[in-house]
Amino acid sequence: MPEGNGVSGGTWRAVLFDLDGTLIDSAPDLGEAANELRATRGLSALPLSDYRPLTGTGARGMVGVALGIGPDDVHFESIRDEYLALYEARMTRLTQVFTDMRPVLDRLDTLGIAWGIVTNKHSRFAQPVVEAVGLAHRSRVLICGDTAARAKPHPDPLLEAARQLRVEPSACAYVGDDLRDVQAGRAAGMVTVAAAWGYLGLGEAIADWGADHLIDTPAELLKLAAMA
């Protein structure tokens, strides 16, 4: 087990989740929107496997894979906006909660452990998606990329979620599939859980992120909660 920030948690009073790649599989819609971007330029579709690892980086990653264009390109902002419009038009077609996550959420409800969502996805996209997959009425809090002054890896969104839940950060666990999730959770003083079923990116290996816990399946989260 990689060493994290040393927070063991005592009793978990709340579990917070990243959205894309942790709670929901949004890669099909994000990837298809990128292929639509390619289609407008007469380019053939790329396989979803090309997009999936970078799905957690949002428009920047999808545009990068689709067209090889990064933020330093003079046309990046206009192309990003074009991509986001395509994504917004289809963002709830194929996106769904990971099947193995559903019983975990049910069990957390049964145990009386509050759970919520903290994502860098802006509310323009996150709120409709959370509603479409049936989590809006269940999640106790939804913090988006434009909710707090600074997004992850800053701790601000996680601290705001804890404030809204009226739970001390040290009594919260944060589960995510990106290095930024672990960095934000550590900075907020929360128990950090790295989700190996997620998108993970192309940077450091997940075992090197420094999370307090690394789990391969959602079910393992319940074992951690029981031991906390």
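Quantities reported herein were computed from a predicted structural model and do not represent experimental measurements.
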A.B. asks: Where the side chain of Arg41 meets the backbone of Leu37, is there a donor-acceptor pair that is under 3.5 Å apart?
C.D. replies: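 Yes, Arg41 side chain to Leu37 backbone: donor-acceptor pair under 3.5 Å.
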A.B. asks: Enter the distance from Leu54:CG to Leu30:CG here, rounded to the nearest 0.5 Å.
C.D. replies: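 One finds 11.5 Å between CG of Leu54 and CG of Leu30.
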A.B. asks: Does Thr22 reach the main-chain N or O of Leu19 with its side chain, forming a donor-acceptor pair under 3.5 Å?
C.D. replies: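 Not confirmed, Thr22 side chain does not pair with Leu19 backbone.
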A.B. asks: Could you pull out the closest heavy-atom pair between Ala114 and Leu165, with the gap in Å?
C.D. replies: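 Result for this residue pair: CB-CD2, 4.5 Å.
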A.B. asks: I need the Leu23 CG to Phe17 CZ distance, nearest 0.5 Å.
C.D. replies: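 Between Leu23 CG and Phe17 CZ, I get 5.5 Å after rounding to 0.5 Å.
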A.B. asks: Describe, in one word, how the ring planes of Tyr87 and Phe125 are oriented to each other, choosing from parallel (under 30°), tilted (30 to 60°) and perpendicular (over 60°).
C.D. replies: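 Geometry flag for Phe125 against Tyr87: tilted rings.
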A.B. asks: How far does CG of Leu222 sit from CD1 of Ile113, to the nearest 0.5 angstrom?
C.D. replies: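 If I round to the nearest 0.5 Å, the distance is 8.0 Å.
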A.B. asks: Would you check if the side chain of Trp209 reaches a backbone N or O of Asp178 as a donor-acceptor pair within less than 3.5 Å?
C.D. replies: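 Not confirmed, Trp209 side chain does not pair with Asp178 backbone.
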A.B. asks: Indicate the atoms forming the closest heavy-atom contact of Thr192 with Val182, along with that distance.
C.D. replies: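 Looking at all heavy atoms of both residues, the shortest contact is CG2-O, 3.7 Å.
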A.B. asks: Roughly how far apart are Arg52 CZ and Leu200 CG, rounded to 0.5 Å?
C.D. replies: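 Rounded to the nearest 0.5 Å, the CZ-CG separation comes to 10.5 Å.
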A.B. asks: Any chance you could lay out the side-chain contact (heavy atoms from CB on, under 4.5 Å) test for Ile117 and Leu16, step after step, and finish with the verdict?
C.D. replies: CA-CA 5 Å; Ile117 300 167; Leu16 299 170; over 6 Å; no
A.B. asks: Measuring only between side-chain heavy atoms, which start at C-beta, is Tyr199 closer than 4.5 Å to Pro53?
C.D. replies: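 Answer no - side chains too far apart.
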A.B. asks: So do the side chains of Asp18 and Tyr174 get within less than 4.5 Å of each other, counting heavy atoms only?
C.D. replies: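 Asp18 vs Tyr174: side chains touch.
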A.B. asks: Using a 3.5 Å distance criterion without hydrogens, assess whether the side chain of Tyr83 forms a donor-acceptor pair with backbone atoms of Glu36.
C.D. replies: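 Side chain of Tyr83 to backbone of Glu36, a donor-acceptor pair under 3.5 Å: no, none is there.
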A.B. asks: Is atom CD of Glu88 surrounded by more than 12 heavy atoms (other residues, nucleotides or ligands) closer than 6.0 Å?
C.D. replies: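 Result for CD/Glu88: enclosed.
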A.B. asks: Can a donor-acceptor pair be found, under 3.5 Å and without considering hydrogens, that links the side chain of Asp25 to the backbone of Phe98?
C.D. replies: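 Such a contact is absent between Asp25 side chain and Phe98 backbone.
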A.B. asks: Heavy-atom distance under 4.5 Å between the side chains of Asn35 and Tyr51, does that happen here?
C.D. replies: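 They are in contact (side-chain heavy atoms under 4.5 Å apart), so the answer is yes.
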A.B. asks: Compare every heavy atom of Leu86 with every heavy atom of Ala33, then report the nearest pair and how far apart it is.
C.D. replies: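 Closest approach of Ala33 to Leu86: O-CD1, 3.9 Å.
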A.B. asks: side-chain contact (heavy atoms from CB on, under 4.5 Å) for His122 and Cys144? Distances and angles first, verdict last.
C.D. replies: CA-CA 5 Å; His122 278 211; Cys144 304; 5.7 Å; no
A.B. asks: Report yes if some heavy atom in the side chain of Thr119 is under 4.5 Å from a heavy atom in the side chain of Asp20; otherwise report no.
C.D. replies: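 Result yes, sub-4.5 Å side-chain heavy-atom pair found.
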A.B. asks: Taking 4.0 angstrom as the limit, do Glu160 and Arg163 come out as a salt bridge?
C.D. replies: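 Looking at Glu160 and Arg163, the cut-off is met.
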A.B. asks: Does any non-hydrogen side-chain atom of Ile143 lie less than 4.5 Å from one of Gln164?
C.D. replies: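 Gln164 reaches Ile143 side chain to side chain.
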A.B. asks: Rounded at 0.5 Å granularity, tell me how far CD1 in Ile69 sits from CD in Glu77.
C.D. replies: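 CD of Glu77 is found 13.0 Å from CD1 of Ile69.
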A.B. asks: Any donor-acceptor pair under 3.5 Å linking the side chain of Asp29 with the backbone of Ser26?
C.D. replies: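 Here the side-chain-to-backbone pair does not exist.
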A.B. asks: Do Met62 and Leu202 share a hydrophobic cluster, counting only Ile, Leu, Val, Met, Phe, Trp and Tyr and linking them when any side-chain heavy atoms are less than 4.5 Å apart?
C.D. replies: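 Yes; Leu202 is reachable from Met62 via cluster members.
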A.B. asks: Does CZ belonging to Arg90 count more than 12 external heavy atoms closer than 6.0 Å?
C.D. replies: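 It does: Arg90 CZ has more than 12 such atoms within range.
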A.B. asks: Using modelled atom types and a 3.5 Å cut-off, is there a donor and acceptor pairing between side-chain atoms of Asp216 and backbone atoms of Ala196?
C.D. replies: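 Checked: no pair found.
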A.B. asks: Any side-chain heavy-atom pair from Ser123 and Thr147 closer than 4.5 angstrom?
C.D. replies: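 A side-chain contact under 4.5 Å is absent here.
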A.B. asks: Any Lys/Arg nitrogen of Asp106 or Arg138 sitting under 4.0 Å from an Asp/Glu carboxylate oxygen of the other?
C.D. replies: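 Looking at Arg138 together with Asp106, the answer is yes, because their closest N to O distance falls below 4.0 Å.
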A.B. asks: Given side-chain contact (heavy atoms from CB on, under 4.5 Å), test Thr217 with Asp100 step by step and report yes or no.
C.D. replies: CA-CA 8 Å; Thr217 66; Asp100 290 346; 5.6 Å; no
A.B. asks: Are the side chain of Ser139 and the backbone N or O of Leu135 linked by a donor-acceptor pair below 3.5 Å?
C.D. replies: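 No, Ser139 side chain to Leu135 backbone: no donor-acceptor pair under 3.5 Å.
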A.B. asks: A side-chain contact here means heavy atoms from C-beta on lying under 4.5 Å apart; do Pro218 and Trp197 qualify?
C.D. replies: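 Pro218 reaches Trp197 side chain to side chain.
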A.B. asks: Report yes or no: does Asp156 contribute a side-chain atom to a donor-acceptor pair with the main-chain N or O of Ala148 at less than 3.5 Å?
C.D. replies: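 No.
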A.B. asks: Looking at Val167 and Cys172, what are the two nearest heavy atoms and their distance?
C.D. replies: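 In this case the closest contact between Val167 and Cys172 is CG1-SG, 3.6 Å.
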A.B. asks: If you group Ile, Leu, Val, Met, Phe, Trp and Tyr by side-chain heavy-atom gaps below 4.5 Å, do Leu94 and Leu46 land in one group?
C.D. replies: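 Leu94 and Leu46: separate clusters.
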A.B. asks: From Leu221 CG over to His213 NE2, what is the distance, rounded to the nearest 0.5 angstrom?
C.D. replies: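 Reported value, rounded in 0.5 Å steps: 9.5 Å.
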A.B. asks: With a 4.0 Å cut-off, would you call Asp73 and Arg80 a salt bridge?
C.D. replies: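 Judged by the 4.0 Å cut-off on N to carboxylate O distance, Asp73 and Arg80 do not form a salt bridge.
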A.B. asks: Are any non-hydrogen side-chain atoms of Leu158 and Met190 less than 4.5 angstrom apart?
C.D. replies: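 A side-chain contact under 4.5 Å exists here.
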A.B. asks: If you compare all heavy atoms of Leu159 against all heavy atoms of Pro169, which two are closest, and at what distance to 0.1 Å?
C.D. replies: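 Heavy atoms of Leu159 and Pro169 come nearest at CD2-CG, 3.8 Å.
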A.B. asks: Ignoring hydrogens, what is the shortest heavy-atom contact between Ala59 and Leu84? Give both atom names and the distance.
C.D. replies: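 Scanning both residues, the minimum pair turns out to be CB-CD2, 3.8 Å.
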A.B. asks: Checking the side chain of Arg38 only, and the main-chain atoms of Ser44 only, is there a donor and an acceptor separated by less than 3.5 Å?
C.D. replies: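 Confirmed, Arg38 side chain pairs with Ser44 backbone.
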